[in-house]
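Any value given below was found using the heavy atoms of this structure, including those in side chains, with hydrogens, waters and symmetry copies removed. Remember, it's a predicted structure, so these values are computed and weren't measured experimentally.
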Amino acid sequence: MSQLALYRKYRPTKFKEVLGQEHVTDVLEESIKEGNLSHSYLFFGSRGTGKTSVARILAREIGCEPEDLYEMDAASNRGIDDVRSLREAVGTHPFKSPYKVYIIDEVHMLTKEAFNALLKTLEEPPAHVVFVLATTEVDKVPDTVVSRCQTFTFKKPTQDILKKAITSVAKKEGYTIDAPSADLIALLGDSSFRDSLMILQKVLYGIAGKKITRDDIARVTSAPKSELVHGVLSALAEGNIEKGLGVVSSALDDQVDFKIFLKLILKKMRAVLLLRFAPEMGEKFVSEFSKEEVDFIKKLAKEGKRINSQALLAMLDAYSATDRAYLPQLPLELTLIESIKGREQDL
């Protein structure tokens with residue numbers, strides 16, 4: 001496998017290769033075709049959604065050669081002197097291209113004075129200059145700057161889109177991965193192409209063969225094994241508090257990430273409720289879970305009456321509380337105690 005990071009190796013180079021951002025790429029393609037180019041763009045979205053990749057594609061599509069493309073990280077170059085240097089540079093003509101393109105990443109990190117200096121350039125930019133500002137926190141960008149840019153919001157990729165990307169990259173690298181395993185990596189990637197591919201690369205480095213399994217992912221990452229997730233759900237369905245707390249203790253011994261643990265629990269609890277009240281949706285789970293997981297979910301849908309909407313809401317609260325908890329396992333422990341023993345103690 002190449003030593004180059006997968007997210008860099010498979011970074012899209014054409015608009016059609018960008019997944020899940022058609023509402024951005026289609027508009028940009030059409031505006032370039034019609035010659036309606038803006039002098040400044042603002043790309044807003046969470047990390048790893050493709051903002052910088054689309055900015056580079058935009059530069060390439062308008063004929064900007066590498067020597068006329070400038071990228072600046074505002075997190076490291078955030079002062080007024082940095083922007084003043086930029087203002088002086090934009091006045092010179094491109095070396096080989098019709099446009100000079102300036103991509104300023106994490107633009108919200110600029111100081112107030114730097115923003116004021118940049119604003120003057122955005123108000124009256126040279127005809128040969130195009131700015132692309134990228135940020136994860138658009139609320140920290142002054143309204144005066146936002147109003148002078150054509151703004152595009154980048155969506156978080158869906159689970160299905162991430163699975164498609166993970167499966168495609170794994171195949172190109174010579175590996176096979178089943179749908180449930182790709183689904184787990186997508187979940188661990190937390191709605192980020194970059195993070196998902198970094199996790200995939202970590203897994204590829206950590207296995208001996210060419211087939212990626214869920215157990216491989218659990219071993220290499222902090223993802224809990226299916227047995228732990230099933231153990232919590234079984235304990236909840238049976239009303240067995242000792243079993244449930246024992247599973248939580250085992251998860252702690254395995255040093256699992258409890259945020260991820262609760263994500264997987266919530267995902268299967270949702271599947272149980274949907275299958276119980278909309279059996280026709282069962283076919284959808286075939287691609288999301290392994291056969292054993294589907295059988296387990298179907299059993300709980302029929303027999304696990306304690307797994308209901310109230311229990312699901314309690315688990316959602318536990319998920320939200322995990323980041324704030326002094327002990328990461330505490331919200332899940334309390335939820336199990338309240339869900340299984342709470343009513344009995346009230347009597």
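- A chain of hydrophobic side-chain contacts below 4.5 Å, direct or via other Ile, Leu, Val, Met, Phe, Trp or Tyr residues, connects M269 to V247.
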Worked verdict on S250 versus L228 for side-chain contact (heavy atoms from CB on, under 4.5 Å): CA-CA 8 Å; S250 296; L228 292 173; 3.9 Å; yes

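- L300 and I265 fall within the same hydrophobic cluster, where Ile, Leu, Val, Met, Phe, Trp and Tyr residues are linked whenever their side-chain heavy atoms come under 4.5 Å apart, directly or through other members.
- Counting non-hydrogen atoms of other residues, nucleotides and ligands closer than 6.0 Å to CZ of R87 gives a total above 12.
- The neighbour count for K243 NZ, taken as heavy atoms of other residues, nucleotides or ligands under 6.0 Å away, is above 12.
- Residues P12 and I57 come closest through the heavy atom pair O-CD1, 3.7 Å.
- Separation of atoms CG (L110) and CG (L118) is listed at 6.5 Å; rounding is to 0.5 Å.
- The existence of a salt bridge linking D160 and K164 is excluded, since no basic side-chain nitrogen approaches an acidic carboxylate oxygen closer than 4.0 Å.
- Residues V169 and K9 fail the side-chain proximity criterion, which asks for heavy atoms closer than 4.5 Å.
- Within the 4.5 Å cutoff, the side chain of F289 has heavy atoms near those of the K268 side chain.
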Chi angles and distances behind the side-chain contact (heavy atoms from CB on, under 4.5 Å) call for T176, K171: CA-CA 6 Å; T176 60; K171 183 178 180 181; over 6 Å; no

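- In summary, K96 and D68 do not engage in a salt bridge, as defined by a charged side-chain N under 4.0 Å from a carboxylate O.
- A donor atom on one side chain and an acceptor atom on the other are not found under 3.5 Å apart for D317 and S320.
- Between S192 and G48, the shortest heavy-atom distance links the atoms OG-CA, 3.4 Å.
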Run the side chain to side chain donor-acceptor pair (under 3.5 Å) check on E293 and S290 step by step: do they pass? CA-CA 5 Å; E293 289 175 311; S290 67; 3.3 Å; yes

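- Among residues at least two apart or in separate chains, side-chain hydrogen bond (donor to acceptor under 3.5 Å, both in side chains) pairs with a member in residues 28-51 are R47-D195.
- Not a single donor-acceptor pair under 3.5 Å links the side chain of D295 to the backbone N or O of E292.
- Atom NZ of K299 has 12 or fewer heavy atoms from other residues, nucleotides or ligands within 6.0 Å.
- For D253, there are no salt bridge (Lys or Arg N to Asp or Glu O under 4.0 Å) partners two or more places apart in sequence or in a different chain.
- Annotation: K263, atom NZ; neighbour count of heavy atoms from other residues, nucleotides and ligands within 6.0 Å is above 12.
- No continuous path of hydrophobic side-chain contacts links V27 to L133 [ILVMFWY only; heavy atoms under 4.5 Å].
- A side-chain donor-acceptor contact under 3.5 Å links E173 and Y10.
- When only modelled atom types and interatomic distance are considered, Y102 and K100 share a side-chain donor-acceptor pair under 3.5 Å.
- L58 and F44 end up in different hydrophobic clusters when Ile, Leu, Val, Met, Phe, Trp and Tyr side chains are linked at under 4.5 Å.
- Screening L6, D183, I185 for a side-chain contact (heavy atoms from CB on, under 4.5 Å) with I166, the sole residue that qualifies is I185.
- Atom CZ of R219 has more than 12 heavy atoms from other residues, nucleotides or ligands within 6.0 Å.
- Residue K267 qualifies as enclosed at atom NZ: its count of foreign heavy atoms under 6.0 Å is above 12.
- Legend: residues meeting ring pair (Phe, Tyr, Trp, His ring centres under 6.0 Å) with H230, ordered by chain and number and at least two apart, are F296.
- Only one option out of N308, L312, I307 pairs with V272 in a side-chain contact (heavy atoms from CB on, under 4.5 Å); it is I307.
- When all heavy atoms of A223 and I260 are compared, the pair lying nearest together is CA-CG2, 4.4 Å.
- Taking the side chain as every heavy atom from C-beta outward, M109 and T135 never approach each other to under 4.5 Å.
- Side-chain contact, T213 with D216: a donor N or O sits under 3.5 Å from an acceptor N or O.
- The shortest distance between side-chain heavy atoms of H108 and V138 does not fall below 4.5 Å.
- Put simply, the side chain of I161 does not reach to within 4.5 Å of the side chain of K156, judged on heavy atoms.
- Judged purely by distance below 3.5 Å, without hydrogens or angles, the side chains of E17 and T13 pair a donor atom with an acceptor atom.
- More than 12 heavy atoms of other residues, nucleotides or ligands sit less than 6.0 Å from atom CZ of F115.
- Between R60 and E65 there is no salt bridge, since no side-chain N of the basic residue sits under 4.0 Å from a carboxylate O of the acidic one.
- The nearest pair of heavy atoms linking S339 to L236 is CB-CD1, 3.7 Å.
- Linking ILVMFWY residues whenever their side-chain heavy atoms come closer than 4.5 Å, directly or via other members, leaves F131 and V101 in distinct clusters.
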